[in-house]
Amino acid sequence: MLLHLIRHPQPVIDKGLCYGSSDLAVTEEECANVLEQVKPALPPHVPVYSSPLQRCVFLAEPLATALNAGPVRYDPRLMEMHFGTWEQRAWDDLPRAEIDAWASDVVGYRPGGGENVLNVAQRVDAFCSDLQQRGQSQAIVVCHAGTIRLLQARALGLTVTKMAEHAAVNAHAIAFGEVLTLKL
């Protein structure tokens with residue numbers, strides 16, 4: 001199965017804030033720009049799956065229409081990691097001891113009492129398993145950088161724990177609106 005992954009457009013939020021699974025808006029202009037950039041790289045008539053957070057929804061809806069893909073299938077398992085009390089706080093204002101605790105256990109620590117990377121890997125893995133059982137040859141997925149890194153790890157054939165470890169230590173920049181195609 002081919003997965004065409006798209007990171008959502010840049011949300012409306014100040015730089016330097018931790019926003020994880022906060023439900024942030026994107027501007028119409030930003031969505032229109034990303035839509036025009038990604039549309040040529042994607043096949044028509046392929047189902048579109050999306051995180052239910054509005055920064056993904058605002059791209060997924062017009063994208064599905066433009067590609068004649070039918071209705072968007074929303075799945076909360078595609079959401080970004082929830083950072084608990086860290087959500088919408090400046091990274092620079094977070095307690096150093098908490099940052100250090102996370103750095104020493106990036107897979108198991110729950111930043112701000114929210115999710116840990118292993119939790120997110122488990123839900124992303126479950127999404128992939130369900131998707132593969134549908135027997136589709138391709139899918140388009142509008143989601144988040146953390147989710148994309150976990151999907152990349154799953155495409156390597158890693159176990160859930162190894163997915164979480166790989167995504168946590170192999171973080172790389174994924175641009176807003178970037179399209180990546182993986183084979184599961």
Side-chain angles (χ1 to χ4, degrees), residues 1-11 20-26 31-32 34-83 107 114-168 170-172 174-184:
M1 163 180 260
L2 286 181
L3 283 184
H4 306 280
L5 309 174
I6 308 160
R7 185 177 182 201
H8 60 79
Q10 184 169 355
S21 64
S22 296
D23 198 13
L24 304 172
V26 293
C31 274
V34 170
L35 179 62
E36 289 309 308
Q37 290 171 9
V38 302
K39 205 168 43 171
L42 300 168
H45 312 292
V46 171
V48 175
Y49 295 83
S50 177
S51 161
L53 297 178
Q54 63 181 321
R55 60 188 184 261
C56 294
V57 171
F58 291 164
L59 176 62
E61 287 291 333
L63 182 63
T65 300
L67 297 174
N68 294 313
V72 177
R73 295 157 174 98
Y74 294 103
D75 196 315
R77 296 175 295 185
L78 295 170
M79 291 172 56
E80 185 61 275
M81 189 166 118
H82 188 275
F83 284 88
V107 171
E115 289 182 289
N116 61 33
V117 177
L118 183 59
N119 298 141
V120 184
Q122 290 166 333
R123 58 181 166 81
V124 168
D125 183 66
F127 167 80
C128 285
S129 294
D130 289 350
L131 192 59
Q132 288 178 300
Q133 288 178 1
R134 291 190 176 113
Q136 300 164 189
S137 62
Q138 296 185 71
I140 296 168
V141 179
V142 181
C143 58
H144 311 272
T147 309
I148 290 171
R149 282 194 288 276
L150 286 163
L151 289 165
Q152 289 173 315
R154 190 167 191 288
L156 297 173
L158 303 175
T159 65
V160 174
T161 302
K162 293 293 183 191
M163 281 171 56
E165 291 170 359
H166 186 273
N170 290 294
H172 70 277
I174 300 169
F176 293 110
E178 184 173 343
V179 178
L180 299 162
T181 299
L182 303 176
K183 184 172 184 173
L184 285 185

> Can you tell me which residue pairs pass the salt bridge (charged side-chain N to carboxylate O under 4.0 Å, His left out) test with a partner in residues 140-167, sequence neighbours excluded?
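Only D125-R154, K162-E165 qualify under salt bridge (charged side-chain N to carboxylate O under 4.0 Å, His left out).
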> Is I140 close to Q138 at the side-chain level, that is, under 4.5 Å between some pair of heavy atoms?
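SC-SC contact between Q138 and I140 ruled out.
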> For residues G146 and E80, report the shortest heavy-atom separation together with the two atoms involved.
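Minimum heavy-atom separation between G146 and E80: N-OE2, 3.1 Å.
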> In Å, rounded to the nearest 0.5 Å, how long is the span from SG of C31 to CD of Q10?
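Going from the SG atom of C31 to the CD atom of Q10 covers 11.5 Å.
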> With sequence neighbours left out, which residue pairs that include part of residues 47-80 fulfil the ring-ring contact (aromatic ring centres under 6.0 Å, His included) condition?
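Listed once each, the pairs are Y49-F127.
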> Which pairs count as salt bridge (charged side-chain N to carboxylate O under 4.0 Å, His left out) when at least one residue sits in residues 115-124, sequence neighbours excluded?
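Sorted pair list: E115-R123.
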> Walk me through whether R134 and R73 qualify under side chain to side chain contact (heavy atoms under 4.5 Å, CB included).
CA-CA 13 Å; R134 291 190 176 113; R73 295 157 174 98; 5.6 Å; no
> Provide the closest heavy-atom pair for E36 versus P40 in the form atom of the first, atom of the second, distance.
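What the structure gives for the nearest pair is O-CD, 3.3 Å.
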> Restricting to non-hydrogen atoms, name the atom on G70 and the atom on A64 that form the minimum distance, rounded to 0.1 Å.
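For G70 and A64, the tightest heavy-atom pair comes out as O-CB, 3.5 Å.
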> What's the spacing between L151 CG and L78 CG if we round to 0.5 Å?
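If I round to the nearest 0.5 Å, the distance is 7.0 Å.
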> Under a 3.5 Å distance rule, please check whether E61 uses its side chain to pair with a backbone N or O of V72 as donor and acceptor.
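Checking the backbone N and O of V72 against the side chain of E61, no donor-acceptor pair under 3.5 Å is found.
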> For P52 versus V57, what's the shortest heavy-atom pair and its separation?
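So the two residues come closest at O-CG2, 3.4 Å.
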> To the closest 0.5 Å, what do you measure between OG1 (T181) and CG (L3)?
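Between T181 OG1 and L3 CG, I get 9.0 Å after rounding to 0.5 Å.
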> Check side chain to side chain contact (heavy atoms under 4.5 Å, CB included) between V38 and all other residues, then give those that pass, not counting sequence neighbours.
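Applying side chain to side chain contact (heavy atoms under 4.5 Å, CB included) to V38 gives I6, V34, L42, L63, V179.
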> Could you tell me which residues satisfy side chain to side chain contact (heavy atoms under 4.5 Å, CB included) with A164, sequence neighbours excluded, listed by chain and number?
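Per chain and number, A164 pairs via side chain to side chain contact (heavy atoms under 4.5 Å, CB included) with V107, V117, L118, A121.
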> Main chain of I174, side chain of R7: is a donor-acceptor contact present, judged purely on distance under 3.5 Å?
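Confirmed, R7 side chain pairs with I174 backbone.
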> Work out which heavy atom in P11 is nearest to a heavy atom in F176; give both atom names and the distance.
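P11 and F176 have their closest heavy atoms at CD-CE2, 3.5 Å.
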> Can you name the residues that form a side chain to side chain contact (heavy atoms under 4.5 Å, CB included) with P62, not counting sequence neighbours?
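Testing P62 for side chain to side chain contact (heavy atoms under 4.5 Å, CB included), a comparison that skips the adjacent residues, returns L35.
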> Are L67 and K39 close enough that some pair of their side-chain heavy atoms sits under 4.5 Å apart?
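In contact.
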> Going through the checks in order, is the side chain to side chain contact (heavy atoms under 4.5 Å, CB included) test met by H8 and L59?
CA-CA 7 Å; H8 60 79; L59 176 62; 5.7 Å; no
> Could you measure the distance from the CD1 atom of I148 to the SG atom of C143? Nearest 0.5 Å is fine.
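Rounded to the nearest 0.5 Å, the CD1-SG separation comes to 4.5 Å.
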> Would you tell me whether H144 and S51 have side-chain atoms, one donor and one acceptor, within less than 3.5 Å of each other?
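Note: H144 and S51 side chains meet the donor-acceptor criterion.
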> Any chance you could measure L184, atom CG, to Q132, atom CD, to the nearest 0.5 Å?
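Answer for the CG-CD pair, L184 versus Q132, is 5.0 Å.
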> Applying side chain to side chain contact (heavy atoms under 4.5 Å, CB included), run through V26 and Q54 and close with a yes or a no.
CA-CA 8 Å; V26 293; Q54 63 181 321; over 6 Å; no
> Supply the atom-to-atom distance N119 CG to N116 CG, rounded to the nearest 0.5 angstrom.
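Output value for this atom pair is 4.0 Å.
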